[in-house]
Amino acid sequence: MADEQSYDFDVLVIGAGPGGYVAAIRAAQNGLKTACVESRETLGGTCLNVGCIPSKALLHASELFEEAASGELAKFGVKLEGASLDLGAMHNEKATAVKELTGGIAMLFKKNKVEWLKGRAAFTGKDTVDVDGRSVRAKNIVIATGSSVTPLPGVTVDQQVVVDSTGALSLPKVPEHLVVIGGGVIGLELGSVWRRLGAKVTVVEFVDQILPGFDAEVRKEATKIFKKQGFELKVSTKVTGVAVDGGRATVTVEPAAGGAAETLAADAVLVSIGRRPNTEGLNLEAAGLSVNGRGQIEVGHEFETAVDGIWAIGDVTPGLMLAHRAEDEGIAVADNIAGLTGIVNHDIIPSVVYTHPEIAGVGLTEEQAKEKGEIKVGKFPFAGNSRAKTNRDTTGFVKVIADAATDRVVGVHIISSLAGTLIAQAAQAMEFGATSEDIALTCHAHPTHSEALKEAAMAVTGKAIHI
Ligand SMILES: Cc1cc2nc3c(=O)[nH]c(=O)nc-3n(C[C@H](O)[C@H](O)[C@H](O)COP(=O)(O)OP(=O)(O)OC[C@H]3O[C@@H](n4cnc5c(N)ncnc54)[C@H](O)[C@@H]3O)c2cc1C
Ligand SMILES: NC(=O)c1ccc[n+]([C@@H]2O[C@H](COP(=O)([O-])OP(=O)(O)OC[C@H]3O[C@@H](n4cnc5c(N)ncnc54)[C@H](O)[C@@H]3O)[C@@H](O)[C@H]2O)c1
């Protein structure tokens, strides 16, 4: 047993993404001497540097551009002429947002006295880590090393013509034809950005529907909406090769089940087929740790690994690869290390796709809920919501799924321009164990989009008013 005095830190966090930086701050708030190792130049991990934040900056800016350029604003009495794109300015504004937010984490580290050890960490023992030649010893070590892009065998990402999500956040010009490989969240969000700015976008998806993991009805409706927006969606299709020549790509695709091949000519190709955990170079063996078949570090209920004093959170562990899950786990693990009670309810983690409209879900899909037992479903379209109608923004619906016997809400799914914001209300209701009647009897402000959630809850008993 090591001498308590010989530890450099009570808690050493490896990785300063949403999981790691939050864990470090909470550990310090809990009175523990804490350091966080991060090899990037800036804090904030994938999310702040090359993920959530820059993608949302471009989604926001491209939405403004499309709205201004489309002439759609004229009906509201807003006449614009000759909206034009300054892509450089758009990228600069994105970079400013990223800089402000990553700099903000550095300030929070200072304020909370979290020491940032700049460099790459590798285990040399169960409580020792090498950080670029410096040996650091800690009583507790939290692995929060996140994830990186899954490569597609045989396809080389050059970040010029064939890009991953990081490259697609910084394309220097709008492609004429962008082929997106993978119809998941990244493909549809970044595909939306470039489509709005003028690209033709073709999405090649291996399975028979886009947006894996979402409610089937939501996936079907989303498919209709994206097609109407001009996306070409090639589902049940696999890419068998990408050849690059003279700044252009030829993408060869064929039916997933086999069949005749065809080629797509593109000037940009985005590979977005998922992400995989970062454990390479961590030297987990020196700590006595191993990974599962998917390369993830398995953890127990308290985020403890198989080795005492080593914990793991976020994308490097099994579960939804989402920033808010990582953050909540960061708080919980730091509380558990301090001897407090840190819990994350993994059954109630909202997922949001920030396209237009947004697509959001929490809890069980209708298919999953049916497998578990009898359910009642209430649905309400935004076409019946007064605020959505006033805004001329009626695409989508809210679906509330409740247990037939107890009326307890087990899932909520929303397609709407404000779905990402509305889903928080559903998550909170579910966390408090609400029934659909509880939501139906809660007074919602008028006129707001949130009234659609109340009406969907009322529809569970067939008594919605505005439909
Ligand atoms: C384009 C894109 C958009 C996204 N948008 C969203 C979104 O809108 N909402 C959402 O919830 N999620 C989004 N995500 C997913 C989100 O970014 C991740 O789920 C989240 O960042 C995971 O947090 P984490 O702390 O587990 O790991 P990460 O954010 O990946 O951070 C891990 C950090 O550890 C560092 N690191 C790794 N190994 C070492 C080592 N050995 N030594 C030192 N440092 C190391 C890495 O440099 C990295 O900075 C998006 C992802 C991408 C790619
Ligand atoms: N808004 C958000 O919360 C947000 C945004 C971006 C990313 N993320 C996270 O980042 C992670 C990675 O995103 P992603 O979009 O890369 O992954 P994803 O898992 O969401 O989607 C990948 C898609 O690629 C398809 N696919 C896999 N192999 C293929 C192949 N060979 N050819 C064609 N299609 C193939 C899959 O069927 C799936 O539909 C996700 O887990 C997501 O949670 C979240």
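Start at 1 and go down the list; that is how both ligands and their atoms are numbered. Sequence positions, counted from 1, serve as the residue numbers for this chain.
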query: Could a heavy atom of G281 be found less than 4.0 Å from some atom of ligand 1?
result: no
- request: Please confirm whether F206 comes within less than 3.5 Å of ligand 2 when only nitrogen or oxygen atoms on both sides are compared.
  value: yes
- prompt: Should you measure from each heavy atom of L322, which atoms of ligand 2 turn up under 4.0 Å away?
  reply: 3 (O), 43 (O), 44 (C)
statement: The atoms of ligand 1 lying under 4.0 Å from a heavy atom of S55, numbered in the order shown, are 3 (C)
message: Using a 6.0 Å distance limit plus a 45 degree cone around the ring axis, check whether K238 lies over the aromatic ring of F206.
response: no
field: Within reach of ligand 1, part of K56 (heavy-atom separation under 4.0 Å)
entry: side chain
- prompt: A326 heavy atoms, cut-off 4.0 Å: which ligand 1 atoms fall inside?
  reply: 23 (O), 26 (O)
query: In terms of atom number and element, which parts of ligand 2 are under 4.0 angstrom from non-hydrogen atoms of G182?
result: 23 (C), 24 (O), 25 (C), 34 (N)
query: Starting from atom 14 (N) of ligand 1, which protein heavy atom do you reach first, and at what distance in Å?
result: C52 SG, 3.8 Å
- request: Have a look at ligand 1 and work out which part of A144, if any, has a heavy atom under 4.0 Å from it: side chain, backbone, both or neither.
  value: backbone
- prompt: Does an N or O from V207, backbone or side chain, lie closer than 3.5 Å to an N or O of ligand 2?
  reply: no
statement: Short version for P54: what comes under 4.0 Å of ligand 1, heavy atoms counted, is neither
task: Heavy-atom contacts with C47 under 4.0 Å: which atoms of ligand 1 show up? List them by number with element.
output: 17 (O), 21 (O), 29 (O)
message: Please list, in number order, the atoms of ligand 1 under 4.0 Å from a heavy atom of G119.
response: 42 (N), 43 (C)
- request: Enumerate the atoms of ligand 1 whose separation from the nearest heavy atom of G19 is less than 4.0 angstrom.
  value: 25 (O)
task: Compute the minimum heavy-atom distance from V50 to ligand 1 and say whether it is under 4.0 Å.
output: yes
message: Pairing donors with acceptors under 3.5 angstrom, does anything connect the side chains of H91 and S170?
response: no
- line: Quick note on ligand 1: atoms under 4.0 Å from a heavy atom of G314 include exactly 26 (O)
field: H301 side-chain N/O to I343 backbone N/O, donor-acceptor pair under 3.5 Å
entry: no
Ligand 1-proximal atoms of A323, by part, heavy-atom distance under 4.0 Å: both
- prompt: Going by distance only, is there an N or O of Y354 that falls short of 3.5 Å from an N or O of ligand 2?
  reply: no
Proximity of L169 to ligand 1 by residue part, where a heavy atom lies under 4.0 Å: neither
- prompt: Looking at ligand 2, does any of its N/O atoms fall within less than 3.5 Å of an N/O of M321?
  reply: yes
message: Run I415 and E217 through side-chain contact (heavy atoms from CB on, under 4.5 Å) and show every step you take.
response: CA-CA 10 Å; I415 299 185; E217 196 178 7; over 6 Å; no
query: For the residue pair S165 and R275, what are the closest heavy atoms and their distance?
result: OG-NH1, 4.3 Å
- prompt: Is it true that E327 lies under 4.0 Å from ligand 1, counting heavy atoms only?
  reply: no
task: Compute the shortest N/O to N/O distance between I186 and ligand 2 and return yes if it is under 3.5 Å, no if not.
output: yes
- prompt: Under a 4.0 Å N-O cut-off, is there an ion pair linking K33 with E115?
  reply: no
statement: In terms of heavy-atom contacts, Q159 and T166 come closest through NE2-CB, 4.3 Å
- prompt: Which bit of L152 is near ligand 2, meaning a heavy atom under 4.0 Å away: side chain, backbone, both or neither?
  reply: side chain
- prompt: Which ligand 1 atoms are under 4.0 Å away from a heavy-atom of R275?
  reply: 53 (C)
query: Hey, is V352 touching ligand 2 through its side chain, its backbone, both or neither, going by heavy atoms under 4.0 Å?
result: backbone
- line: Taking only non-hydrogen atoms of V204 and a 4.0 Å limit, the atoms of ligand 2 in range are 33 (C), 34 (N)
message: Looking only at protein heavy atoms, which one is nearest to atom 48 (C) of ligand 1, and what is the separation?
response: E38 OE1, 3.5 Å
- request: Output yes when the distance from some N or O of ligand 2 to some N or O of R275 is under 3.5 Å, and no in every other case.
  value: no
query: Salt-bridged, E221 to K224, with N to O below 4.0 Å?
result: yes
statement: Taking only non-hydrogen atoms of L282 and a 4.0 Å limit, the atoms of ligand 1 in range are 41 (N)
field: N49 and T102 side chains, donor-acceptor separation under 3.5 Å
entry: no
task: Pick whichever of V185, T240, I273 has a heavy atom sitting closest to atom 28 (N) of ligand 2.
output: I273
Proximal atoms of ligand 2 relative to G274 (non-hydrogen, under 4.0 Å): 14 (P), 16 (O), 17 (O), 22 (C)
message: Heavy-atom contact check, 4.0 Å cutoff: does A122 meet ligand 1?
response: no
